[in-house]
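The structure appears below as structure tokens.
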Amino acid sequence: MLDENEQRRIRIDKLNALRERGIDPFAIERFDRTHTAAQVHEGFEQLAGSKVTLAGRVFSVRKMGKALFSDIEDETGRMQLHVRRDLLGDAYADFKSLDIADIVGVEGEIFRTEMGEDTVRVTGFTLLAKAVRHVPLGKKRDGVAHETLKDDEARQRMRYVDMLANPESREALIMRCRVVQAVREFLNARDFLEVETPVLQSVAGGASARPFMTFHNDLKLDLKLRISLELYLKRLIVGGIPKVYEVGRVFRNEAADTDHNPEFTLMELYEAYTDLEGMMDLVEDMYVDVAQRVIGTTIVHPVVKVGDKALETVAVDLAQRPWRRLPMLQGIQENAGLDRSAFRDMDSAREAARSVGLDPEKMPTIGKIIEKIHEKVTQPKLVQPTFVIDYPIETSPLAKKHPDDPTLTRRFEVFIAGQELGNAFSEINDPFDQRERFADQLEQTKAGEQEAHPMDEDFIRALECGMPPTGGLGVGMDRLAMVLAGAKSIRDVLLFPLLRPE
RNA sequence: GGGUCGUUAGCUCAGUUGGCAGAGCAGCUGACUCUUAAUCAGCGGGCCUCAGGUUCGAGUCCUGAACGACCCA
């Protein structure tokens with residue numbers, strides 16, 4: 001949609017006029033900078049009077065007849081330029097005709113203006129790229145901010161403009177990348193091996209979700225995009241890698257909303273010879289360490305939904321350890337007044353669901369109903385970090401049975417600010433138990449559950465070869481970034497969220 | 001899947017009871033050699049998301065569609 005408009009026409013005309021004079025900015029391949037804006041500011045005392053070259057995007061031009069001031073911006077900040085006709089001659093007119101967002105390289109001498117601002121007295125410049133399209137970088141005038149690109153849809157479709165125009169948007173996106181980096185640094189320092197496992201899978205397991213389908217032409221093979229990393233990583237535990245992790249994109253064929261994107265970045269790790277409590281310690285260590293690395297403090301300010309619409313920022317100190325541990329049924333009792341007896345059979349469980357305003361129609365098991373009630377009544381209240389433990393067996397087909405209660409499992413999910421921020425098990429390593437669990441999931445599929453786990457014979461074969469007792473953890477990197485960035489939507493921490501084509 | 005709201009100039013937004021389409025920023029022309037995301041004077045720029053309907057007349061009212069935001073399932 002290369003929409004035509006007056007401003008674009010004029011900019012293209014300017015470009016063509018330069019080309020007719022033999023000046024083609026797009027033919028230039030390289031410009032060597034001696035300094036960045038920040039280096040000039042930091043080293044001003046030493047640099048004053050000396051020659052430098054800088055490059056950046058034109059942010060503003062203040063013309064005053066035979067001289068002008070301009071601000072350019074590079075990745076480190078702003079630099080003011082003083083451009084004089086008596087120093088540039090004919091080239092002065094070319095500088096005057098630059099547009100906001102053009103990319104220039106300049107050379108000149110460092111000095112400080114009468115108003116005390118570090119400035120480059122320009123002796124030469126090169127147009128390195130013409131912005132033929134208007135880029136709304138915004139402006140402040142008389143203390144009034146004239147808006148940059150604010151339309152949510154446009155910001156996501158033209159993320160490049162959003163990043164230029166909205167520093168807070170750029171910072172949230174960069175912070176997200178740093179979160180992933182910090183998680184890797186944390187795990188590498190603990191001797192976890194980072195691996196890559198298949199995205200295209202015949203059996204897409206490890207989570208409750210519907211996969212995207214695709215097809216391999218040569219093998220004439222139906223394939224699915226992975227919905228988790230779990231089953232291949234545990235094969236590697238069997239294969240003798242005792243500390244293993246992967247940071248990878250997974251794909252779930254479901255709606256996109258404020259905290260879901262159909263493709264998102266999941267980190268999963270598995271550690272042999274440890275258990276659920278080992279994973280709790282690791283989670284606390286990791287989140288504290290990542291927060292410290294990324295934002296320099298363990299106090300985060302996530303956004304919490306309050307009531308129907310209002311959003312509220314809360315303060316959470318991740319370093320207040322140990323985090324609360326809450327059995328799921330205890331949470332339901334505290335928040336809905338429903339005790340264990342409410343879930344003694346399917347009829348009473350359905351009645352319990354209705355009593356909290358849920359429709360149990362598509363909930364084929366008591367465990368599913370319990371989990372849904374938990375999500376509705378307890379989860380929104382879990383603002384401070386909380387490990388919810390003792391998940392129902394029907395919804396946890398990869399977690400070991402609880403030794404004290406065969407209806408429960410050795411599983412937790414972490415919640416902060418009402419958001420799920422991690423899921424961990426003491427992993428099943430009993431191949432016979434695993435086969436029974438998968439078989440139970442097949443029964444659920446027959447009963448109409450669309451997100452039940454598929455049978456995976458090869459995975460069971462791997463367990464039959466012997467897997468040590470193992471703790472496993474999965475964390476949504478996008479969600480973790482949301483908490484650290486205080487983002488109100490997952491899209492604020494996704495470089496390019498999924499959108500319908502224009 | 002259901003509901004509510006939104007879509008007007010390059011950007012951000014006004015637009016009265018249905019009666020000639022508006023502002024700021026940006027752009028263009030001119031003035032200005034220390035400005036502070038300048039200042040002063042003037043000027044241009046519109047498929048009012050799209051398709052129907054009501055009406056003498058629709059940006060405005062009605063129906064439908066597209067895209068998006070939020071809420072619910």
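On a predicted model such as this, the values are computed, not experimentally measured, just so you know. Naming: A, B, ... by sequence-line order, numbering from 1 per chain. Note: hydrogens, waters and symmetry copies are ignored here, and every other heavy atom, side chains too, is used.
- Using a 4.0 Å heavy-atom cutoff across all strands shown, A:Phe111 reaches at least one base atom of the nucleic acid.
- For B:rA38, neither phosphate oxygen OP1 nor OP2 lies less than 4.0 angstrom from any side-chain nitrogen or oxygen of A:Lys63.
- Among the heavy atoms of the strands lying under 4.0 Å from A:Thr258 are primed sugar atoms or P, OP1, OP2 only; no base atom is included.
- Contacts of A:Asp86 with the nucleic acid, taken as non-hydrogen atoms under 4.0 Å apart, include base atoms.
- Ion pairing between a basic and an acidic side chain is recognised when a charged N comes within 4.0 Å of a carboxylate O; A:Arg57 and A:Glu73 show no such pairing.
- Between the side chain of A:Glu153 and the base of B:rU7 there is no donor-acceptor pair of N/O atoms closer than 3.5 Å.
- For the pair A:Arg21 and A:Asp94, the salt-bridge criterion is met [side-chain N within less than 4.0 Å of a carboxylate O].
- With both ends at atom P, the span from B:rA73 to B:rA65 equals 24 Å, rounded to whole Å.
- Note on A:Lys14: only backbone sugar-phosphate atoms sit closer than 4.0 angstrom, heavy atoms only; bases stay farther off.
- Between A:Glu351 and A:Arg344, none of the side-chain N atoms (NZ, or NE/NH1/NH2) sits under 4.0 Å from a carboxylate O, so this pair counts as no salt bridge.
- Between the side chain of A:Glu6 and the base of B:rG27 there is no donor-acceptor pair of N/O atoms closer than 3.5 Å.
- The residue A:Thr148 sits close only to the backbone: its heavy atoms come under 4.0 Å of sugar-phosphate atoms, none of a base.
- Applying the 4.0 Å criterion to OP1 and OP2 of B:rC67, one finds that A:Arg500 has a side-chain N or O inside that range.
- For the P atoms, the distance from B:rA69 to B:rU12 is 15 Å, rounded to whole Å.
- Using a 4.0 Å cut-off between a side-chain N of Lys or Arg and a carboxylate O of Asp or Glu, A:Asp86 and A:Lys66 do not qualify as a salt bridge.
- You won't find any donor-acceptor pair under 3.5 Å spanning the side chain of A:Ser60 and the base of B:rU36, going by distance alone.
- B:rG10 and B:rG27 have their P atoms separated by 14 Å, with the value rounded to a whole Å.
- Between A:Lys139 and B:rG27, a side-chain N or O to OP1/OP2 separation shorter than 4.0 Å is absent.
- Cation-pi geometry between A:Arg159 and A:Phe496 is not met: the NZ or CZ atom fails to fall both under 6.0 Å from the ring centre and inside 45° of the normal.
- Nucleic acid contact for A:Arg491: sugar-phosphate only, since backbone atoms but no base atoms lie under 4.0 Å from a heavy atom of the residue.
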(request) Quick one: the dot-bracket string of RNA chain B, using Watson-Crick and G-U wobble pairs with both distances under 3.5 Å, [ ] for crossing pairs and | for bases paired to another strand. (result) (((((((..((((.....[..)))).(((((.......))))).....(((((..]....)))))))))))).

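- Across all strands shown, A:Lys488 has no heavy atoms under 4.0 Å from either base or sugar-phosphate atoms.
- Looking at A:Glu75 and A:Arg33, a side-chain N of the basic residue comes within less than 4.0 Å of a carboxylate O on the acidic one, giving a salt bridge.
- Using atom P as the reference point in both B:rU29 and B:rG22, the two lie 25 Å apart (nearest Å).
- Residue A:Leu358 is classed as having no contact, given no heavy-atom separation below 4.0 Å to the nucleic acid.
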